[in-house]
Amino acid sequence: MFSEAAMETSVLVRICHSLVALLWLYHARMAVDAVTAGAHNIADWHDACLNSLGVRTSRSERLWLCEENAPFIFLTAITLDQNSDGQRSDVERLASEASGPVSVCDCWSRLDLYDLGFEKFEEEAWYLRGPGGPSPEVPEVERVTEPKALAEFEHASTDGFETQELHELEPYGVYGKRVLEDPRMRIFVRRVGGRVVSGSIACVSSGVIGVFSVATVPAFRRRGYGEEVTWAAVRSEPSLPAILQPSVEGAALYRRMGFEPVDRYTKWVRLP
């Protein structure tokens, strides 16, 4: 016969196990929902940027597509559903018809595209930050509302990502002026001595804040400016969770800000 104390302990253990299982299921469901929202958010960010340049895009239930030539920083295709059925054939058809590079973001890392001539160029984690929580004010960060400041942001972003070939484009060749009219898009910059040295973009759609294009001019790095513009993006809609795809170098910063990895994605590229 079990003692009353032993029975109580057994009940408590079962309750704890049940709570752990429920928390695991909740986290797993949250990750799935977050990645679905993130996938659609990235597609929305591409729509806003590319449509501002006059570049056509389209989407189905399973795939977002860029229909015309665009600056190389933008993807050609984005998976929108974790069920990969049909996505591979869509990518195969896209690759067969393309004359230039083709880049694909597989938001759930479900596809294997090696035999189609693709190579992996990025395989990292999604990072998610829940809504609310402590977030410092960033009074020295300004929101971009005028074309002149947009051109400054574009120039600093090109320097920050060290994509010098983009300087060969005319101003507004990466972000067209019409992007300022898109209600989903909020662009932020940090100035030092009047010069834009760091910037970020928040795309508010699909129930999340997508944080994009966080970059700091090399000579001004390690002074906290990148963190400031990231906080500005996160604070732009504090009632929503924020999601991003950080570089390996930036992951530690985002963890300090309360972001946590929730799932993995893979980006593929096929060169002509």
Side-chain angles (χ1 to χ4, degrees), residues 41-42 44-53 71 73-74 127 129 131-164 166-167 169-206 208-247 249-250 252-254 256-259:
N41 183 272
I42 289 180
D44 290 338
W45 178 78
H46 275 74
D47 276 343
C49 295
L50 292 173
N51 294 166
S52 78
L53 299 173
I73 66 168
F74 296 111
Y127 273 60
R129 184 184 190 275
S135 58
E137 294 186 12
V138 281
E140 294 183 294
V141 175
E142 66 184 69
R143 183 171 173 181
V144 173
T145 58
E146 300 293 335
K148 181 177 182 296
L150 176 63
E152 293 176 288
F153 165 80
E154 185 181 65
H155 190 278
S157 181
T158 297
D159 282 347
F161 284 111
E162 301 184 61
T163 48
Q164 297 305 311
L166 292 181
H167 281 309
L169 300 176
E170 296 292 327
Y172 315 110
V174 180
Y175 304 102
K177 295 178 184 179
R178 285 190 296 160
V179 79
L180 297 175
E181 302 169 9
D182 194 308
R184 298 170 293 187
M185 300 286 279
R186 295 98 187 263
I187 303 175
F188 300 94
V189 293
R190 175 65 156 90
R191 296 180 184 273
V192 175
R195 176 188 175 185
V196 172
V197 300
S198 189
S200 68
I201 296 177
C203 177
V204 181
S205 74
S206 302
V208 294
I209 307 163
V211 181
F212 299 94
S213 303
V214 178
T216 301
V217 173
F220 292 86
R221 289 174 182 163
R222 296 180 178 82
R223 305 185 194 182
Y225 301 140
E227 184 171 352
E228 290 180 3
V229 296
T230 303
W231 276 123
V234 169
R235 288 174 59 91
S236 67
E237 200 69 51
S239 64
L240 295 179
I243 193 166
L244 47 77
Q245 295 179 327
S247 64
E249 296 79 11
L253 164 64
Y254 297 119
R256 290 201 307 271
M257 296 177 66
F259 286 86

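Owing to the predicted nature of the structure, the values given are computational and were not obtained by experimental measurement.
Taken to the nearest 0.5 Å, the CD atom of E181 stands 12.5 Å off from the CG atom of N51. Distance CZ/R191 to CD/E152: 4.0 Å, rounded to 0.5 Å. Remark: R195 CZ to F220 CZ distance equals 5.0 Å, nearest 0.5 Å. D182 CG to D44 CG: the interatomic distance, rounded to the nearest 0.5 Å, is 8.5 Å. Expressed to the nearest 0.5 Å, how far CD1 of I42 lies from CZ of F212 amounts to 5.0 Å. With rounding to the nearest 0.5 angstrom, the CD1 atom of I73 is 7.5 Å from the SG atom of C49.
For the residue pair V138 and E228, the shortest heavy atom distance occurs at CG1-O, 3.6 Å. Looking at every heavy atom in both residues, V141 comes nearest to A232 through CG1-CB, 3.7 Å. Taking both residues in full, the closest heavy atoms of V214 and G226 are given as CG1-O, 3.9 Å, listed atom of the first, atom of the second, then distance. The two residues R235 and S135 make their nearest non-hydrogen contact at NH1-O, 2.8 Å. What you find for R221 and G160 is that their closest heavy atoms are NH2-O, 2.6 Å. Shown here for Y127 and P246, the closest heavy-atom pair between the two residues is CD1-CG, 3.5 Å.
The side chain to side chain contact (heavy atoms under 4.5 Å, CB included) search around P147 returns Y172, K177, L180, not counting sequence neighbours. In this structure, the side chain to side chain contact (heavy atoms under 4.5 Å, CB included) partners of R186, at least two apart in sequence or on a different chain, are R143, F188, A202, V204, S236, E237.
At least one donor-acceptor pair under 3.5 Å links the side chain of E154 to the backbone N or O of V174. Under a 3.5 Å cut-off, the side chain of S213 and the backbone N or O of S200 do not form any donor-acceptor pair. The closest donor-acceptor contact from the side chain of R256 to the backbone of F259 lies at 3.5 Å or more, if one exists at all. Between the R184 side chain and the N41 main chain, no donor and acceptor come within less than 3.5 Å of each other.
Under the 30°/60° scheme for interplanar angles, the aromatic rings of F74 and Y175 are found to stand perpendicular. Between H167 and H155, the angle of the ring planes lies from 30° to 60°, which puts this pair in the tilted group.
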Inset, instruction - Go through the steps to decide whether Q245 and V211 satisfy the test side-chain contact (heavy atoms from CB on, under 4.5 Å), and finish with yes or no. - result: CA-CA 8 Å; Q245 295 179 327; V211 181; over 6 Å; no
Inset, instruction - Just do the side-chain contact (heavy atoms from CB on, under 4.5 Å) check on I187 and V179 with the steps written out, would you? - result: CA-CA 9 Å; I187 303 175; V179 79; 4.1 Å; yes
Inset, instruction - Apply side-chain contact (heavy atoms from CB on, under 4.5 Å) to the pair T158 and T163, showing each step before the final yes or no. - result: CA-CA 5 Å; T158 297; T163 48; 3.8 Å; yes
Inset, instruction - Apply the test side-chain contact (heavy atoms from CB on, under 4.5 Å) to residues Y225 and V192: give CA-CA distance (whole Å), side-chain angles for both, the deciding distance (0.1 Å), then the verdict. - result: CA-CA 10 Å; Y225 301 140; V192 175; 3.6 Å; yes
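One finds no salt bridge joining E140 and R223 here, because no Lys/Arg side-chain nitrogen approaches an Asp/Glu carboxylate oxygen to under 4.0 Å.
In the displayed structure, E137 atom CD is contacted under 6.0 Å by at most 12 heavy atoms of other residues, nucleotides or ligands.
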